[in-house]
Amino acid sequence: MNLLEGLNPPQLAAVTLPPQHALILAGAGSGKTRVLTTRIAWLISTGQASPQQILAVTFTNKAAKEMLARLSAMLPMNLRGMWIGTFHGLCNRMLRAHYRDAHLPQLFQILDAADQLATVKRLLKSLNIDDEKYPPRELCWFINAQKEAGLRPVAVEAWDDWTKKRVELYAAYEEQCQKEGVVDFAELLLRSYELLERNEPIRRHYQERFRHILVDEFQDTNRLQYRWLKLLAGGGGALFCVGDDDQSIYAFRGAEVGNMRDFEREFQVKNLIRLEQNYRSHGNILDAANAIIKNNPTRLGKNLWTEAGAGEPIRVFEAYSENEEARFIVEEVKALTNEGHARREIALLYRSNAQSRALEHALFNAGIPYRVYGGLRFFERAEIKHALAYLRLIANADDDTAFSRVVNFPTRGIGARTLEQLADAAKVRGTSLHAAIPHVAGAGGAKLAAFAELIRKLREAAALPLPELVEHVLDLSGLREHYRNEKEGQERLANLDELVNAAAAFIAEEGTAGAEGELSADLAAFLAHAALEAGEHQAGEGEDALQLMTVHSAKGLEFDVVFICGLEEGLFPHENSLVEEKGLEEERRLMYVAVTRARRRLYLTHAQMRLLHGQTRYNLPSRFIDEIPAGLLKFLNARQGKAMFGAVPPAPTLRNKSAPGGTSRFPPAPSFSSAPRRQESCGLRIGQTVMHAKFGLGVIVNAEGAGQDARVQVNFGNAGMKWLALSVAKLEPV
DNA sequence: ATAGACATTCTTTTT
DNA sequence: GAATGTCTAT
């Protein structure tokens with residue numbers, strides 16, 4: 001059968017397994033997605049399963065789309081009955097179908113992370129809670145962690161007063177969300193889980209329906225997701241899980257690699273298949289990845305190999321500053337494109353989003369087209385969120401988050417005072433803000449009533465086709481007018497127009513055309529779409545552009561050429577990770593993911609000096625570079641300053657000492673700003689890497705005194721920050 | 001009530 | 001540096 005053509009033996013085995021539970025350990029670039037989709041296509045085309053009997057779960061919308069696209073290419077049939085999507089998307093689908101049993105309003109709204117934070121803030125305010133003691137962000141994190149552990153407030157064990165109070169607030173938050181008819185991301189999962197657990201007919205229905213449950217990126221599932229899968233597979237459905245423990249990079253938000261072991265044990269998985277042949281990268285790149293990940297103690301064990309040749313060495317570049325790093329990359333990219341590489345096949349990866357700025361700046365100046373993933377997404381833009389808030393109020397006027405966002409936007413004279421009165425009225429009566437409007441007296445009350453009237457008018461239009469409804473909202477709400485009058489409003493206006501287009505496109509693709517009696521079904525679906533798929537949707541889609549993204553968002557992608565930037569201690573691995581339990585291991589897996597994105601050429605760059613959060617920091621090269629065998633590396637700039645040391649350093653200007661511990665933050669030495677990379681005569685300068693007999697490698701971050709009294713402060717990374725007298729300590733420039 | 005200046009805080013990754 | 005929160009002048 002040509003479906004199976006070209007599969008290697010383990011791949012073929014995985015694809016054609018009998019309908020039993022299976023765990024596929026699929027290394028990076030080993031054809032994981034291909035196995036998953038071919039498996040589904042094989043099940044269907046051999047008549048072993050109908051599309052309706054298949055449930056395929058992925059972690060990202062991108063992956064879900066990709067899978068659907070490949071399947072439609074393989075199977076000439078209607079795949080609409082198949083459930084393919086993200087955990088959140090599928091749970092949403094289930095809850096919409098059974099909203100009554102799930103105790104939700106038909107048009108329940110979804111809170112994204114920002115909405116959730118706003119809701120928590122509002123709650124704390126209404127309860128007069130000190131947000132110093134209970135930081136809203138922390139509280140959100142706490143609530144989500146409980147939900148992801150499957151715990152409602154009554155089930156949380158709290159021993160200390162602080163946690164007891166947080167549990168109380170969790171309960172209050174839940175009550176508030178229920179009152180408003182909104183659910184956050186974690187709630188989608190928990191609600192869906194509880195629905196299945198408590199409602200036997202519904203559970204049986206899905207258990208009997210889904211004969212094959214396939215899970216992508218299984219290593220990224222959290223406890224609750226795993227339990228959700230267990231429930232669904234409880235009726236004899238076969239669980240087919242594909243994952244790679246070495247690519248688990250979401251433990252920080254509750255992902256449990258341990259799910260893989262538990263799955264193997266609890267389901268008595270007999271079919272464990274390893275996919276270890278890599279079809280993506282040249283040998284040197286793979287060797288580097290293997291060498292790095294080998295340093296992690298707890299692995300299921302797996303070693304990637306390839307039939308491809310060794311390829312080029314991995315290029316390492318040390319820059320003086322983040323700007324020089326960016327300039328270097330620009331030059332290399334120019335050279336690469338001149339050699340015929342497509343820009344879309346070149347990726348710039350970094351640990352954190354903040355790093356993209358210097359890169360973007362340099363690329364922009366050089367006129368190189370680029371595309372940044374994961375920046376501010378379409379549906380997260382302020383003007384779009386405003387417009388969506390009006391739409392949300394049409395679907396559900398009790399949505400306090402949406403209400404608060406636009407009650408005075410565009411401004412209509414409803415100030416803080418009035419809103420306080422409104423919040424009080426709502427609290428006293430236990431209603432939503434919207435429902436409390438008639439109970440506010442005076443001038444403020446009149447203005448509020450006018451706003452209520454606006455909502456009423458908008459709701460009258462709810463029966464219009466979605467794109468027209470959006471148009472209507474933009475005009476009637478005054479949003480268009482507002483941005484027309486704003487100086488910098490042009491782009492925002494364009495975005496609002498784009499929202500109308502997005503609505504039209506959405507209807508064209510998945511509209512409920514013809515569904516009767518469900519007046520606002522399209523609206524609700526569109527709003528859910530906006531919350532769940534913040535919209536990777538960006539202009540310049542078709543252009544051949546350089547790809548910029550965080551390592552996290554690069555997972556699952558591959559490129560001919562990859563630059564991993566900012567490979568410095570404190571940045572990658574990130575300093576916050578070093579204090580976390582198992583933090584470094586996760587950073588290392590992240591590095592493994594980054595390295596394995598490259599097919600043919602890999603660059604590792606780092607800077608001696610970097611401006612971060614408005615302050616200059618001097619960092620050592622990342623330990624991950626050292627973990628790669630030197631034979632695989634090619635250092636592009638000769639390590640400088642070998643010959644000169646022992647001389648008396650120049651009299652450095654006295655600087656204030658840094659706060660102890662952590663990374664240093666200093667203004668750069670003045671002598672540098674004009675002539676980067678030039679050597680001082682003595683070979684010692686701020687930013688210089690030095691070797692110390694006891695402490696190892698370090699970077700000079702500060703200096704004071706002169707002559708015999710000269711002292712320097714050195715950041716030795718692991719060994720910490722030290723002040724050393726030059727007359728005593730032997731420091732060799734490296 | 002509102003806009004704008006000013007201060008403060010927090011910065012890892014995201015469905 | 002950005003984004004949010006607070007204060008001040010209108």
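Chain A is the first sequence line, chain B the second, and so forth, proteins listed ahead of strands; every chain is numbered from 1. Computed over heavy atoms, backbone and side chain alike; hydrogens, waters and symmetry mates excluded.
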At a 4.0 Å cut-off to heavy atoms of chain A, the contacted part of DNA chain C spans dG1(C) to dG5(C)
The side-chain contact (heavy atoms from CB on, under 4.5 Å) partners of Ala450(A) (sequence neighbours excluded) come to none
With sequence neighbours left out, the residues meeting ring pair (Phe, Tyr, Trp, His ring centres under 6.0 Å) with His552(A) are Tyr250(A), Phe252(A)
Those residues at least two apart in sequence (or on a different chain) that pass ring pair (Phe, Tyr, Trp, His ring centres under 6.0 Å) with Phe403(A) are Phe451(A)
Applying salt bridge (charged side-chain N to carboxylate O under 4.0 Å, His left out) to Asp184(A) and not counting sequence neighbours gives Lys147(A)
Symbol by symbol from the 5' end, with Watson-Crick or G-U pairs under 3.5 Å, [ ] crossing and | another strand, DNA chain C is ||||||||||
Contacts of Phe210(A) meeting ring pair (Phe, Tyr, Trp, His ring centres under 6.0 Å) (sequence neighbours excluded), chain-then-number -> Trp83(A), Tyr206(A)
Assign each of Thr550(A) and Glu132(A) the nucleotide of DNA chain B bearing its closest heavy atom; nearer the 5' end lies the nucleotide of Glu132(A)
By side-chain hydrogen bond (donor to acceptor under 3.5 Å, both in side chains), Arg597(A) pairs with (sequence neighbours left out) Gln247(A)
Applying salt bridge (charged side-chain N to carboxylate O under 4.0 Å, His left out) to Glu481(A) and not counting sequence neighbours gives Arg484(A)
In numerical order, the residues of residues 414-421 of chain A whose heavy atoms come under 4.0 Å of DNA chain B are Ile414(A), Gly415(A), Arg417(A), Thr418(A)
Residues passing the ring pair (Phe, Tyr, Trp, His ring centres under 6.0 Å) test with Phe263(A), sequence neighbours excluded, are Phe218(A), Phe267(A)
Residues passing the side-chain hydrogen bond (donor to acceptor under 3.5 Å, both in side chains) test with Tyr170(A), sequence neighbours excluded, are none
